[in-house]
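Structure first, commentary second.
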2 protein chains.
Amino acid sequence: MNGVPRSQQSKDAKKSAPLTRDAEATRSSILDSAEDEFAANGLLGARTEAIAAKTGVTKAMIYYYFQSKEQLYEAVLERAFLRRLQIAQSINLAAMSPDQALERCLRELLIDVSKNKNLSAIFFYEAVQNKGKYYNKFGAMSLYGVLAGILEQGVAKGNFRQLDPMHTAVNIVGASVFYFCTRENIKHLWAGKNLLSSDMVEWHIKEAIELIMNGVRASDG
Amino acid sequence: MNGVPRSQQSKDAKKSAPLTRDAEATRSSILDSAEDEFAANGLLGARTEAIAAKTGVTKAMIYYYFQSKEQLYEAVLERAFLRRLQIAQSINLAAMSPDQALERCLRELLIDVSKNKNLSAIFFYEAVQNKGKYYNKFGAMSLYGVLAGILEQGVAKGNFRQLDPMHTAVNIVGASVFYFCTRENIKHLWAGKNLLSSDMVEWHIKEAIELIMNGVRASDG
DNA sequence: TCGGCAACCTACTAACCAGTCAGTATAACA
DNA sequence: TGTTATACTGACTGGTTAGTAGGTTGCCGA
């Protein structure tokens with residue numbers, strides 16, 4: 001039974017259990033639990049005791065690895081954004097037409113958000129509750145810049161209709177992530193179905209991309 | 001100096017001041033302050049002391065008029081949704097074409113959300129943090145039903161392309177309200193401009209409606 | 001002009017929560 | 001086998017917060 005902390009050994013493990021006395025695994029495990037807690041309740045509403053309990057360690061461990069609740073939150077954001085950034089940078093958008101670039105960019109965003117169930121809620125809490133205070137350190141807003149750039153080029157080349165790139169970029173992100181953010185609220189529209197199941201996610205991606213691509217395309221394109 | 005509670009008299013009034021010993025005015029004034037506080041921090045993060053201070057009364061008054069923080073929250077939701085419902089019901093959508101009905105519906109929603117600066121944040125917190133627990137009492141989800149109904153008819157009549165009405169309704173709401181929810185985070189995209197100013201709101205409404213109407217319309221329509 | 005009640009306040013409690021600290025257990029190495 | 005660094009714990013503190021008990025003030029009717 002190596003790999004499970006004493007307080008959780010021989011019990012039903014709640015989450016990815018850290019290795020016994022494995023600093024790196026414990027740290028990572030705290031980050032996992034913290035991500036869940038921050039996604040559910042935001043920085044303000046998150047309880048350090050709840051994070052500790054979910055990890056299977058005592059609250060003191062949080063302060064052993066992270067100096068404060070705030071710094072733990074920043075670490076969660078940083079980890080989530082490094083993942084996103086790696087995905088975004090792996091695509092060579094410059095080589096594509098605006099049409100292809102936008103669709104590829106959207107599909108990548110939607111897949112990423114659907115895979116990491118906490119991403120959309122953390123993103124939203126950070127924007128609404130913290131007003132982007134911690135985000136801006138990680139250059140997270142670059143997504144809008146990338147989208148607006150693609151849209152601007154598309155307008156110039158005549159692929160897209162006369163639209164405002166920045167407003168449209170914001171509205172596109174809204175159309176894409178709203179489904180994930182509010183999934184617990186809207187799921188009864190589909191009779192309580194799990195909106196993160198692969199068929200529902202695929203369906204959303206299809207509908208979102210169709211709405212957006214038709215929405216930006218020039219009518220004579 | 002009638003109309004101002006003692007604790008706020010001869011001071012700089014912070015908000016809509018209740019009348020002295022005017023129960024109805026005080027109650028309404030508490031609701032105003034509570035709406036601000038809940039919009040900023042959610043049910044969990046809201047502080048009753050902050051609501052009391054903003055109103056210019058003591059915390060005990062909140063419990064005099066409302067039995068608990070939770071019931072105060074429900075009262076705030078109810079008031080906000082009665083306003084929305086009245087607006088929605090004042091339009092005779094049945095008499096319009098799907099195209100007209102959708103555009104009218106969206107314009108009305110966007111104007112409403114832009115006028116009540118708290119609406120989008122309260123909506124968001126309720127959906128994400130409370131998972132719609134309190135919403136559903138007021139049939140607030142009817143918005144999705146109305147939109148999906150219009151879309152379904154539009155598809156049947158051939159005005160709109162082959163789309164899924166429910167998914168599209170959700171994505172449309174996302175494209176419309178995301179701007180308002182995240183306004184404090186995205187405002188630096190417009191050099192810190194106030195995104196609720198009338199020219200910015202009009203611009204957003206124009207861009208959102210164009211994106212959505214083009215997004216749903218049949219290409220041969 | 002006075003009695004009663006509705007509106008309002010002061011001062012409190014019990015519970016909670018972020019953060020600390022003194023100390024214990026364990027792995028790894030001498 | 002003993003020493004040490006580090007992972008880890010339980011029990012605590014100070015500050016905060018939802019909610020309450022009981023007293024005070026001002027209005028209105030008789």
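Just so we're on the same page: letters track the sequence lines, and every chain starts at 1.
- Among the protein residues, A:Tyr65 comes within range of the sugar-phosphate backbone only, with heavy atoms under 4.0 Å from sugar or phosphate atoms but none that close to a base.
- A:Ala52 comes within 4.0 angstrom of nothing in the nucleic acid, heavy atoms only.
- Rounded to an integer number of Å, the gap from CG of B:Leu72 to P of D:dT17 is 16 Å.
- The interatomic distance linking B:Ile51 (CD1) with D:dT17 (P) rounds to 12 Å, in whole Å.
- Distance from the side chain of A:Ala23 is smallest to D:dA7 among C:dT10, D:dA7, D:dC8.
- As a whole-Å value, the separation of B:Ile30 CD1 from C:dC8 P is 8 Å.
- Taking atom OH of B:Tyr63 as the reference point, atom C1' of C:dA7 lies 18 Å away to the nearest angstrom.
- Between A:Thr26 and D:dC8 there is a side-chain N or O to OP1 or OP2 distance below 4.0 Å.
- Where B:Ala60 and A:Leu44 meet DNA chain C, the nucleotide closest to each residue was compared, and B:Ala60 sits on the side nearer the 5' end.
- Contact annotation: the side chain of A:His204 approaches that of B:His167 to within less than 4.5 Å [non-hydrogen atoms, C-beta and beyond].
- Taking atom CD on A:Gln67 and atom C1' on C:dA18, their separation rounds to 15 Å, with Å as the unit.
- The side chain of B:Met61 sits closest to C:dC9 out of C:dC9, C:dG19, D:dT20.
- For C:dA6, the base has a donor-acceptor partner in the side chain of B:Arg21 [N/O atoms by modelled type, under 3.5 angstrom].
- With hydrogens and angles ignored, a donor-acceptor pair under 3.5 angstrom links the side chain of A:Lys59 to the base of C:dG19.
- The interatomic distance linking A:Arg47 (CZ) with D:dT16 (P) rounds to 14 Å, in whole Å.
- The side chain of A:Tyr64 lies closest to D:dC8, out of D:dC8, C:dT20, D:dA18.
- There is a side-chain donor-acceptor pair under 3.5 Å between A:Asn130 and A:Tyr73.
- Atom-to-atom, NZ of A:Lys69 to C1' of D:dG15 comes out at 14 Å; the value is rounded to the nearest Å.
- Contact between B:Thr182 and A:Ala127 at its shortest, heavy atoms only, is CG2-CB, 3.8 Å.
- As judged by a 4.0 angstrom heavy-atom cut-off over every strand, A:Ala50 is placed among residues making no nucleic acid contact.
- In the model, A:Tyr179 has no side-chain atom that pairs as donor or acceptor with a side-chain atom of A:Glu207 under 3.5 Å.
- Atom C1' of nucleotide D:dG15 and atom CD of B:Glu49 are separated by 14 Å, given to the nearest angstrom.
- No donor-acceptor pair closer than 3.5 Å links the side chain of A:Arg84 to the backbone N or O of A:Arg79.
- Listed nucleotides D:dA18, C:dT10, D:dG10 differ in distance to B:Thr58; the shortest reach to its side chain belongs to C:dT10.
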